[in-house]
Trainee: 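What follows is a structure written as structure tokens; I'll ask about it next.
Keep in mind that this is a model prediction, so the values were computed, not measured.
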Amino acid sequence: MISRTLLYIQRITRQLWFRVVLISACSLLALAIAPWLTPFIPEDLGERFGREAALPVLNILASGMLAVTTFSLNVMVSAYRTAAATATPRVYRLLLEDTITQSVLATFVGGFVFSLSAVILFRAGFYSEDAAIVIFALTVGVVALIVGAILRWIDHLSGLGSMDHTLRLIEDRSRTSLRQRADAPCLGAQRAEDDTRFKADGTAIPAQASGFVRFVDVAQLQTLAEEANTQIAIHRTPGEFVLRGRPVAYAKSGDEDLCEAASRCIEIGDVRSFDQDPSFGLTLLAETAQRALSPGVNDPGTALEVMGRLERLLWENTPDEDQQGTRDVSFDRMFMPAISARHLLSCAFPPIARAGGDDPAVIDWMDKALAALGHHPNPAMAKAATEMREQHSDR
């Protein structure tokens with residue numbers, strides 16, 4: 001089970017500035033250690049690959065990389081805004097985590113930092129002629145990296161911001177979230193059918209803020225429960241909205257200090273997160289289909305493609321509802337409701353049905369998708385799909 005510290009590290013590494021800072025720091029580190037590598041340089045290379053060979057290339061990189069970076073940032077922002085406008089605004093945060101775009105932009109910025117810093121150090125007389133050979137070798141390596149990044153960027157731009165690229169990102173992230181929930185049923189806690197007994201006799205753990213539950217640190221809550229010799233039941237699972245001061249969990253017994261410490265283990269924010277919320281991706285896909293079916297867009301083809309992706313996700317990655325909380329229980333003092341197949345289906349198909357109820361192609365595809373999911377090996381999913389199909393058939 002992922003800890004809060006590891007989660008924060010993952011979130012930091014997904015941000016654009018992290019790779020930019022990392023590669024820029026590596027560039028400065030390479031320039032700093034260059035003088036220490038001079039003993040390994042053959043003496044006869046100084047005449048061919050010295051200061052005069054390195055400076056012109058560094059000047060070109062210093063003047064060119066800034067323009068390339070600025071242009072690439074403009075392209076990225078425009079593409080992401082287009083994707084957010086054509087799919088769903090909430091996909092913008094997911095697009096910002098695109099690793100290819102981050103790596104390319106970080107390489108451009110790193111090349112600029114390297115070349116500009118090298119020119120300054122040369123002008124300041126920091127490097128000897130022997131060290132200049134090392135700088136020339138490093139410059140050749142930086143040029144190779146930049147050329148590779150440009151080729152990669154050109155290939156990536158062919159799909160950046162397109163509907164196919166956006167849907168693929170959402171589907172991949174949704175698949176990862178669903179599989180993580182399947183591997184850690186109830187996030188490693190015991191399954192709670194309901195928390196009535198905790199509500200009646202227990203102590204409410206209030207939410208520290210108003211917003212969506214983004215992350216529950218089950219491991220830390222387990223530690224608190226062991227220290228207080230109690231049990232804790234999660235009342236609001238990741239993805240649900242809660243108001244400040246309202247119960248987000250219940251402790252079977254405990255004092256105010258326990259409640260305060262436990263409330264800090266439940267992260268609440270303004271927006272939902274994929275980390276522990278497998279239904280979020282399904283919601284984004286459904287919103288994309290809804291927008292495609294709106295009168296202003298009128299693109300039923302995209303809605304059909306979205307339903308195909310939803311059908312594939314639910315068929316291949318639905319957590320086994322009957323086994324959630326009955327196996328792989330890592331935190332025996334924690335209780336949490338299972339993620340139900342009915343909830344996953346309700347996030348996927350009903351919104352599309354409301355938007356495309358007048359389109360026979362959309363309804364026909366949905367009927368076939370629900371019929372197929374009615375044969376799902378997971379009995380809960382098969383039952384939920386069959387019941388949903390019957391409900392839509394009666395309308």
Trainee: Is a salt bridge present between R93 and E97, judged by a nitrogen-to-oxygen distance below 4.0 Å?
Mentor: no
Trainee: What's the spacing between R246 CZ and F241 CZ if we round to 0.5 Å?
Mentor: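 Going from the CZ atom of R246 to the CZ atom of F241 covers 13.0 Å.
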Trainee: Give, for atom CG of L285 and atom CD of Q290, the distance between the pair rounded to the nearest 0.5 Å.
Mentor: 11.5 Å
Trainee: Give a yes or no on whether a salt bridge exists between R152 and D155, defined as a side-chain N under 4.0 angstrom from a carboxylate O.
Mentor: no
Trainee: Is there a side-chain contact between F331 and L187, using heavy atoms and a 4.5 Å cut-off?
Mentor: no
Trainee: Please name the pair of heavy atoms, one in A286 and one in C347, separated by the smallest distance, quoted to 0.1 Å.
Mentor: CB-O, 3.5 Å
Trainee: Check A341 against A384 and note the closest heavy-atom contact, atom names and distance.
Mentor: C-CB, 4.4 Å
Trainee: Is there a path of hydrophobic side-chain contacts, each under 4.5 Å between heavy atoms of I/L/V/M/F/W/Y residues, joining I363 to V306?
Mentor: no
Trainee: For the pair T176 (side chain) and D172 (backbone), establish whether a donor and an acceptor sit closer than 3.5 Å, ignoring hydrogens and angles.
Mentor: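 Looks like yes, one N/O pair under 3.5 Å.
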Trainee: State whether the number of non-hydrogen atoms from other residues, nucleotides or ligands found under 6.0 Å of D358 atom CG is greater than 12.
Mentor: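 Open: at most 12 neighbouring heavy atoms sit under 6.0 Å from CG of D358.
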Trainee: What pairs with L304 under side-chain contact (heavy atoms from CB on, under 4.5 Å), at least two apart in sequence or on another chain?
Mentor: M307, V362, W365
Trainee: Do we see a donor-acceptor contact under 3.5 Å between the side chains of T288 and T88?
Mentor: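 The answer is no; no qualifying pair exists.
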Trainee: Other than V297, which residues form its hydrophobic cluster under the rule that side-chain heavy atoms must be closer than 4.5 Å?
Mentor: none
Trainee: Taking all non-hydrogen atoms of both residues, which atom of V109 and which atom of S24 are closest, and how far apart?
Mentor: CG1-OG, 3.8 Å
Trainee: Sequence neighbours excluded, which residues qualify as ring-ring contact (aromatic ring centres under 6.0 Å, His included) partners of F274?
Mentor: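 Once residues adjacent in sequence are excluded, the partners of F274 under the ring-ring contact (aromatic ring centres under 6.0 Å, His included) criterion are F280.
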Trainee: Got a list of side-chain donor-acceptor pairs under 3.5 Å for residues 161-169, not counting sequence neighbours?
Mentor:
unit_1, atom_1, unit_2, atom_2, d
S162, OG, G159, O, 2.6
S162, OG, H165, N, 3.3
T166, OG1, S162, O, 2.9

Trainee: Once salt bridge (charged side-chain N to carboxylate O under 4.0 Å, His left out) is applied, what residue pairs with a partner in residues 373-387 remain, sequence neighbours excluded?
Mentor: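 Qualifying pairs: R342-E387.
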Trainee: Should I60 and I150 be regarded as members of a common hydrophobic cluster, given that ILVMFWY residues are connected when their side-chain heavy atoms come within less than 4.5 Å of each other, either directly or indirectly?
Mentor: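 No, I60 and I150 fall in different hydrophobic clusters.
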Trainee: Within the 4.5 Å heavy-atom criterion, are C259 and E256 side-chain neighbours or not?
Mentor: no
Trainee: Is there a side-chain hydrogen bond (donor to acceptor under 3.5 Å, both in side chains) between T223 and Q220 once you walk through the steps?
Mentor: CA-CA 5 Å; T223 301; Q220 184 60 32; 4.7 Å; no
Trainee: Determine, step by step, whether R389 and D367 satisfy the side chain to side chain contact (heavy atoms under 4.5 Å, CB included) criterion, reporting the C-alpha distance in whole Å, the side-chain angles of both residues, the deciding distance to 0.1 Å, and the verdict.
Mentor: CA-CA 6 Å; R389 186 188 181 200; D367 183 71; 2.9 Å; yes
Trainee: Same cluster or not: are I268 and L243 linked, directly or through other Ile, Leu, Val, Met, Phe, Trp or Tyr residues, by side-chain heavy atoms under 4.5 angstrom apart?
Mentor: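 No; tracing contacts between hydrophobic side chains, which count when under 4.5 Å, never links both residues.
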Trainee: Specify the closest pair of heavy atoms between S263 and P206, including all atoms of both residues, with the distance to one decimal.
Mentor: CB-O, 3.2 Å
Trainee: What I want to find out is whether R214 reaches D275 closely enough, with some N-O distance under 4.0 Å, to be called a salt bridge.
Mentor: no
Trainee: Does a side-chain N-to-carboxylate-O contact under 4.0 Å join E267 and R272?
Mentor: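 So E267 does not pair with R272 through a salt bridge.
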Trainee: Taking all non-hydrogen atoms of both residues into account, name the closest pair between G239 and D277 and its distance.
Mentor: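 Taking G239 first and D277 second, the nearest heavy atoms are CA-OD2, 3.3 Å.
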Trainee: What distance do R191 atom CZ and M336 atom CE have between them, rounded to the nearest 0.5 Å?
Mentor: 13.5 Å
Trainee: With side-chain hydrogen bond (donor to acceptor under 3.5 Å, both in side chains) as the rule and sequence neighbours excluded, what pairs involving residues 294-305 come up?
Mentor: D299-T302, E305-R309
Trainee: Which residues satisfy the side-chain contact (heavy atoms from CB on, under 4.5 Å) test with F112, sequence neighbours excluded?
Mentor: M65, L66, L116
Trainee: Is there side-chain contact between E240 and F212, with heavy atoms separated by less than 4.5 Å?
Mentor: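 A side-chain contact under 4.5 Å is absent here.
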Trainee: Rounded at 0.5 Å granularity, tell me how far NZ in K252 sits from CZ in R333.
Mentor: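 The CZ atom of R333 is 10.0 Å from NZ of K252, to the nearest 0.5 Å.
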Trainee: Determine whether more than 12 heavy atoms belonging to other residues, nucleotides or ligands lie under 6.0 Å from atom CD of E316.
Mentor: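 Yes, because the 6.0 Å sphere around CD of E316 holds more than 12 heavy atoms from other groups.
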Trainee: V147, L61: one ILVMFWY side-chain cluster at the under-4.5 Å cut-off?
Mentor: yes
Trainee: Can you sort out the partners of I9 under side-chain contact (heavy atoms from CB on, under 4.5 Å), two or more places apart, ordered by chain and number?
Mentor: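 I9 satisfies side-chain contact (heavy atoms from CB on, under 4.5 Å) with T5, T13 only.
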Trainee: Do the side chains of S279 and H343 get nearer than 4.5 Å, heavy atoms only?
Mentor: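 Yes, close enough: below the 4.5 Å cut-off.
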Trainee: Let's go through Q208 and R264 carefully: what are the C-alpha distance in whole Å and the side-chain angles of both, what is the deciding distance for side chain to side chain contact (heavy atoms under 4.5 Å, CB included) to 0.1 Å, and is it a yes or a no?
Mentor: CA-CA 7 Å; Q208 286 192 323; R264 290 196 296 267; 3.1 Å; yes
Trainee: The test is side chain to side chain contact (heavy atoms under 4.5 Å, CB included); show your working for F349 and L314 and say whether it passes.
Mentor: CA-CA 11 Å; F349 289 107; L314 293 173; 3.9 Å; yes
Trainee: Among residues at least two apart in sequence or on other chains, which ones pass side-chain contact (heavy atoms from CB on, under 4.5 Å) with L145?
Mentor: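 side-chain contact (heavy atoms from CB on, under 4.5 Å) list for L145, sorted by chain: T107.
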Trainee: Is the shortest side-chain N to carboxylate O distance from K368 to D364 below 4.0 Å?
Mentor: yes
Trainee: Cut-off 3.5 Å, side chains only: do T86 and R81 have a donor facing an acceptor?
Mentor: no
Trainee: Do I266 and V271 belong to the same hydrophobic cluster, where Ile, Leu, Val, Met, Phe, Trp and Tyr are linked whenever their side-chain heavy atoms lie under 4.5 Å apart, directly or via other members?
Mentor: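 Looking at the clustering, V271 is in a separate group from I266.
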Trainee: At what distance, to the nearest 0.5 angstrom, does CD of Q10 lie from CG of L7?
Mentor: 6.5 Å
Trainee: Would you call F122 and L58 a side-chain contact if the rule is heavy atoms closer than 4.5 Å?
Mentor: yes
Trainee: Scan for ring pair (Phe, Tyr, Trp, His ring centres under 6.0 Å) pairs involving residues 173-192, sequence neighbours excluded, and state none if there are none.
Mentor: none
Trainee: Show, in sequence, the C-alpha distance, side-chain angles and deciding distance for L345 and L373, and conclude whether the side chain to side chain contact (heavy atoms under 4.5 Å, CB included) test is met.
Mentor: CA-CA 10 Å; L345 272 178; L373 291 173; 4.0 Å; yes
Trainee: Could you check whether atom CZ of R312 has more than 12 heavy atoms from other residues, nucleotides or ligands sitting under 6.0 Å from it?
Mentor: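 Count over threshold, so yes.
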Trainee: Once rounded to the nearest 0.5 Å, what's the spacing between atom CD of Q180 and atom CZ of R175?
Mentor: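 With rounding to 0.5 Å, CD (Q180) is 13.0 Å from CZ (R175).
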Trainee: Do I232 and Q222 come close enough that some side-chain heavy atom pair is under 4.5 Å?
Mentor: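 A side-chain contact is absent here, since even the closest heavy-atom pair is not under 4.5 Å.
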Trainee: Does any non-hydrogen side-chain atom of R291 lie less than 4.5 Å from one of P89?
Mentor: yes
Trainee: For residues I352 and M366, determine if any side-chain heavy atom of one lies less than 4.5 Å from a side-chain heavy atom of the other.
Mentor: yes
Trainee: How close do I205 and A262 get, counting heavy atoms only, and between which atoms?
Mentor: CD1-CB, 3.6 Å
Trainee: If a pair satisfies ring pair (Phe, Tyr, Trp, His ring centres under 6.0 Å) and one of its residues is in residues 75-102, list it, with sequence neighbours excluded.
Mentor: none
Trainee: Return a table of donor-acceptor pairs under 3.5 angstrom between the side chains of residues 16-23 and protein atoms on other chains or two or more places apart.
Mentor:
unit_1, atom_1, unit_2, atom_2, d
W17, NE1, Q15, OE1, 2.4
R19, NE, Q102, OE1, 3.4
R19, NH1, S103, OG, 2.6

